[in-house]
Peer 1: 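Structure in structure tokens, see below.
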2 protein chains.
Amino acid sequence: MASLFSTTYASLSYGGPAASRPRRRMVAVRAEAINPDIRKTEEKVVDSVLLPEISKPVTAYCRCWRSGTFPLCDGSHLKHNKATGDNVGPLLLKQK
Amino acid sequence: MASLFSTTYASLSYGGPAASRPRRRMVAVRAEAINPDIRKTEEKVVDSVLLPEISKPVTAYCRCWRSGTFPLCDGSHLKHNKATGDNVGPLLLKQK
């Protein structure tokens with residue numbers, strides 16, 4: 001199984017002073033599955049949102065595959081990000 | 001860093017005939033980052049969709065963190081699923 005590896009670092013030394021560029025956070029991401037447990041009997045987990053049925057001003061949908069209320073977000077990305085150094089977050093559907 | 005490991009198997013021998021239960025696909029998922037490259041300078045990647053601006057009958061949003069058109073889906077989950085045995089797919093927003 002192929003792997004992509006990189007390590008945490010603060011800056012590289014090309015292209016001007018480091019302070020002028022945003023710090024790029026690098027994290028190790030292997031070529032492995034990202035969904036540990038959600039609907040694993042399904043060949044592909046696809047969810048559909050019928051937009052006329054969205055009534056709340058903001059509805060958050062999970063993209064971290066750790067939510068206990070999937071496909072809705074339950075904030076589990078916070079624990080995942082803290083544990084792994086990742087930076088994933090939800091998709092917000094807004095009425096206006 | 002904590003790891004969760006499991007291996008691919010076809011069935012277990014408890015709870016009645018295997019044929020009566022859907023086959024549960026197990027894949028190795030480590031406690032690692034799932035976003036290899038998208039907007040890594042951001043503390044948390046959150047996207048907002050203003051629903052009045054959605055005009056197409058179906059719009060697919062990426063949940064595999066591999067799309068070249070993130071936050072939109074470009075079908076990259078197919079390659080990811082094939083390479084890793086995962087089963088992730090997009091979130092579809094439908095007008096009706």
Side-chain angles (χ1 to χ4, degrees), chain A residues 1-2 4 6 21-54 57-66 70-71 73 77-81 83-96, chain B residues 1-2 4 6 21-54 57-66 70-71 73 77-81 83-96:
Chain A
M1 192 174 285
L4 287 174
S6 56
R21 299 186 308 276
R23 179 175 177 277
R24 183 173 172 83
R25 298 189 311 160
M26 298 292 283
V27 295
V29 178
R30 295 170 207 256
E32 292 192 355
I34 65 174
N35 171 22
D37 203 41
I38 292 171
R39 291 151 50 190
K40 298 305 278 189
T41 57
E42 297 181 23
E43 185 67 22
K44 183 165 67 174
V45 179
V46 178
D47 295 283
S48 294
V49 179
L50 302 180
L51 297 184
E53 295 181 359
I54 297 287
V58 179
T59 309
Y61 282 86
C62 175
R63 298 192 293 191
C64 79
W65 298 91
R66 270 72 182 160
F70 196 90
C73 171
H77 56 272
L78 298 172
K79 180 180 174 187
H80 164 79
N81 286 343
T84 65
D86 210 354
N87 68 334
V88 300
L91 180 73
L92 306 180
L93 305 190
K94 297 184 175 180
Q95 282 295 359
K96 135 162 184 47
Chain B
M1 192 173 286
L4 288 173
S6 55
R21 299 186 308 275
R23 178 176 178 277
R24 183 173 171 85
R25 299 190 310 160
M26 299 292 282
V27 295
V29 178
R30 295 171 207 256
E32 292 191 355
I34 65 174
N35 171 22
D37 204 41
I38 292 171
R39 293 151 48 190
K40 297 306 277 190
T41 58
E42 299 181 21
E43 187 67 22
K44 183 165 67 173
V45 179
V46 178
D47 295 282
S48 294
V49 178
L50 302 180
L51 297 185
E53 296 181 359
I54 297 287
V58 180
T59 308
Y61 283 85
C62 175
R63 298 191 294 190
C64 78
W65 298 91
R66 271 69 183 164
F70 196 91
C73 171
H77 57 272
L78 298 172
K79 181 180 174 185
H80 164 77
N81 285 345
T84 65
D86 210 354
N87 68 335
V88 300
L91 180 72
L92 305 180
L93 305 190
K94 298 184 175 180
Q95 283 295 359
K96 143 172 174 36

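Quick note on labels: first sequence line is chain A, next is B, and so on, each numbered from 1.
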Peer 1: Treating B/D86 as the side-chain partner and A/E32 as the backbone partner, does any N or O pair qualify as donor plus acceptor under 3.5 Å?
Peer 2: no

Peer 1: Please state whether the side chain, the backbone, both or neither of A/I54 comes within less than 4.5 Å of a heavy atom of chain B.
Peer 2: side chain

Peer 1: Mind ranking A/V46, A/L78, A/V58, A/V49 by heavy-atom pairs under 4.5 Å with chain B and telling me who comes out on top?
Peer 2: A/V49

Peer 1: Which bit of B/D47 comes within less than 4.5 Å of chain A, counting heavy atoms only: side chain, backbone, both or neither?
Peer 2: both

Peer 1: Which atoms of B/I38 come close to chain A, meaning under 4.5 Å heavy atom to heavy atom: side chain ones, backbone ones, both, or neither?
Peer 2: backbone

Peer 1: So, do A/H77 and B/K44 sit near enough that their side-chain heavy atoms are less than 4.5 Å apart?
Peer 2: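 Yes - at least one pair of side-chain heavy atoms lies under 4.5 Å apart.
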
Peer 1: For the side chain of A/N35 and the backbone of B/N87, is there at least one donor-acceptor N/O pair under 3.5 Å apart?
Peer 2: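 No: the side chain of A/N35 does not pair with the backbone of B/N87.
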
Peer 1: Has the side chain of B/R63 got a donor or acceptor atom that lies under 3.5 Å from a matching backbone atom of A/P71?
Peer 2: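 Answer holds: no.
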
